[in-house]
Amino acid sequence: RHKFWETQPVGQFKEIGNTSLPEGPIEAPTPLSEVKQEPYNLPNLYEWVTCDINSEEVCDEIYNLLANNYVEDDENMFRFNYSKEFLRWALQPPGYFKSWHIGVRVKSSKKMVAFISGIPARIRVRDEVVNMAEINFLCVHKKLRTKRLAPVMIKEVTRRVHLENIWQATYTAGVVLPTPIATCQYWHRSLNPKKLIDVGFSRLGARMTMSRTIKLYKLPESTVTQGFRKMKILDVPAVTRLIRNYLSQFVVAPDFDEHDVEHWLLPKENVVDSYLVESPETHEVTDFCSFYTLPSSILGNQNYSTLKAAYSFYNVSTKTPLLQLMNDALIVAKQRDYDVFNALDVMHNETFLKELKFGPGDGKLHYYLYNYRIRHALNPSELGLVLL
Ligand code: YNC
Ligand code: MG
């Protein structure tokens with residue numbers, strides 16, 4: 001069934017329900033001297049390229065490959081349109097490896113036709129912190145699909161991860177592979193219902209008019225929580241403490257230090273937005289919320305070309321009810337002209353989704369670990385990890 005994935009150190013479907021298998025690494029690391037020194041062979045017309053994402057030209061090429069060939073919804077109405085600034089942020093966290101930004105070019109024309117990337121991350125699974133790669137942006141040009149290029153790209157990124165003495169990875173995908181550690185669902189909160197309906201993202205509900213729908217999703221002009229403000233660089237230590245403490249309750253979560261928090265959570269225009277609640281009395285940071293910006297291209301609509309979407313990232317509530325905090329996040333997203341606010345059912349998100357008028361999306365997002373077995377699948381609420 002899965003000619004490639006059956007050969008890889010991942011949980012296999014036939015193991016499901018077998019509770020005697022131990023949790024942890026599936027294969028032991030090999031000495032670095034035994035890691036293959038040369039890249040895997042590509043079909044003869046193609047060549048590997050290590051991408052310098054800081055080069056304007058290379059960043060343009062990756063951007064264009066993804067903008068034209070990356071993930072679409074099931075009905076091919078929308079396609080992710082990660083911005084260049086976003087890609088630079090996503091691919092260059094603290095300690096990143098340029099060698100993990102891997103392109104494939106046509107030898108003759110130098111056209112970039114495929115890409116895969118990894119970034120390093122410390123991921124805690126129960127009480128073990130594991131050095132991992134987060135694999136993302138696997139993309140093969142539409143004209144080169146189903147030629148078994150993806151397995152070669154996955155093996156090559158694996159080889160380069162191994163060369164850095166890292167033996168585990170995590171990734172998410174919309175497709176079912178051996179074997180998800182959790183299966184999550186996206187929920188969508190309309191901010192601009194008229195546009196969402198016009199472009200076919202959502203439909204007018206039964207017995208609903210456009211004006212009733214607009215009223216249903218209306219939000220206050222300004223946020224309601226006292227002390228709610230944008231995160232600043234001086235907040236990094238307090239936010240790190242808050243988020244580390246919060247994430248410790250989940251089965252799988254990143255082990256963020258101050259450098260990670262500065263990179264991933266300090267606001268970056270049109271990439272990531274973060275807000276916190278500073279107690280007006282004690283000046284303590286008690287609550288935090290964040291979202292990243294990922295527009296989608298609208299395929300074949302006369303009136304609109306992009307959907308501006310915010311994606312819930314990491315949220316922490318200790319004093320402000322999570323429902324109120326997320327309502328304030330919706331208000332700022334609306335102020336900033338986003339069309340929709342998306343959230344997965346991970347962490348404590350289930351506690352606000354229905355109440356804040358999010359609706360379930362179609363299509364699932366599956367989470368995976370490479371070379372790390374867990375005894376049984378997790379509930380989404382046991383996951384403290386959001387990948388981009
Ligand atoms: C996928 N998304 O099952 P079997 S997500 C992993 N992730 O293998 P071919 C995938 N594997 O079943 P195509 C996959 N999609 O025979 C397919 N596969 O064992 C498997 N789409 O290869 C598939 N981006 O080249 C099959 O297929 C084999 O030409 C078939 O290429 C696939 O970034 C793809 O959705 C996805 O660009 C590149 O369809 C192409 O169809 C495409 O014949 C649109 O491949 C964009 C898209 C995927 C987004 C993502 C996470 C990727 C994770 C990869 C796995 C990482 C493992 C850990 C490595 C480091 C380890 C260490 C240490
Ligand atoms: Mg292929």
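Ligands are counted one by one from 1 in listed order, and the atoms in each one are counted from 1 as well. Atom set for the values below is all heavy atoms of this structure, side chains included, hydrogens, waters and symmetry mates excluded.
Nearest to atom 31 (O) of ligand 1 by heavy atom, out of Gly118, Ala150, Pro29, is Ala150. Between atom 26 (C) of ligand 1 and the options His2, Glu6, Glu156, Arg148, the minimum heavy-atom separation is to Arg148. Looking at Pro151, Cys139, Ala173, Ala133 and measuring to atom 2 (N) of ligand 1, the nearest heavy atom belongs to Ala173.
For atom 48 (C) of ligand 1, the closest non-hydrogen atom of the protein is Leu138 O, 3.4 Å. The nearest heavy-atom contact from the protein to atom 37 (O) of ligand 1 is Val140 N, 2.9 Å. Nearest to atom 47 (C) of ligand 1 among the protein's heavy atoms is Val71 CG2, 3.5 Å.
Using a 4.0 Å cut-off between heavy atoms, Val161 contacts ligand 1 through its side chain alone, with no backbone atom that close. Within the 4.0 Å heavy-atom criterion, neither part of Tyr368 lies near ligand 1. Contacts between Leu177 and ligand 1 below 4.0 angstrom, taking non-hydrogen atoms only, involve the side chain exclusively. Contacts of Lys147 with ligand 1, taken as heavy-atom pairs under 4.0 Å, involve the backbone alone. Here Tyr171 has side-chain heavy atoms under 4.0 Å from ligand 1, and that is the only part of it that gets that close.
Aromatic ring centres of Phe291 and Phe313 lie farther apart than the 6.0 Å criterion allows. A centroid separation of less than 6.0 Å is found between the aromatic rings of Tyr314 and Phe256. Between Tyr275 and Phe288, the gap from one ring centroid to the other reaches at least 6.0 Å.
Side chain to side chain, Gln249 and His348 meet the donor-acceptor criterion of an N or O pair below 3.5 Å. Side chains of Ser117 and His101: a donor-acceptor N/O pair is absent below 3.5 angstrom, by distance only. Side-chain N/O atoms of Gln12 and Thr179 include no donor and acceptor closer than 3.5 Å. Checked by atom type, the side-chain pair Asn54/Gln92 shows a donor-acceptor distance below 3.5 Å. With hydrogens and angles left out, the side-chain atoms of Tyr370 and Gln8 include a donor and acceptor closer than 3.5 Å.
Distances between N or O atoms of Thr146 and those of ligand 1 include at least one value under 3.5 Å. Ligand 1 has a nitrogen or oxygen under 3.5 angstrom from a nitrogen or oxygen of Trp5. Close N/O approach between Ile116 and ligand 1 is not found [any backbone or side-chain N/O within under 3.5 Å]. Between Ala169 and ligand 1, no pair of N/O atoms sits closer than 3.5 Å.
When each atom of ligand 1 is checked for a heavy atom of Thr172 under 4.0 Å away, the hits are 5 (S), 50 (C), 51 (C). Taking a cut-off of under 4.0 Å to the non-hydrogen atoms of Phe4, the atoms of ligand 1 that pass are 4 (P), 8 (O), 16 (O), 19 (O). Every atom of ligand 1 is numbered from 1 in the order shown, and the set under 4.0 Å from a heavy atom of Leu149 is 25 (O).
Put simply, the side chain of Leu369 does not reach to within 4.5 Å of the side chain of Gln168, judged on heavy atoms.
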Review item, side-chain donor-acceptor pairs of residues 292-299, under 3.5 Å, at least two apart:
residue: Thr293; atom: OG1; partner: Tyr338; partner atom: OH; Å: 2.5

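Sorted pairs that involve residues 33-54 and meet ring pair (Phe, Tyr, Trp, His ring centres under 6.0 Å), not counting sequence neighbours, are lacking altogether.
Protein heavy atoms are found inside the 4.0 Å sphere centred on atom 63 (C) of ligand 1.
Between Phe137 and the choices Tyr82, Phe115, Tyr63, the ring-ring contact (aromatic ring centres under 6.0 Å, His included) rule is met once, by Tyr82.
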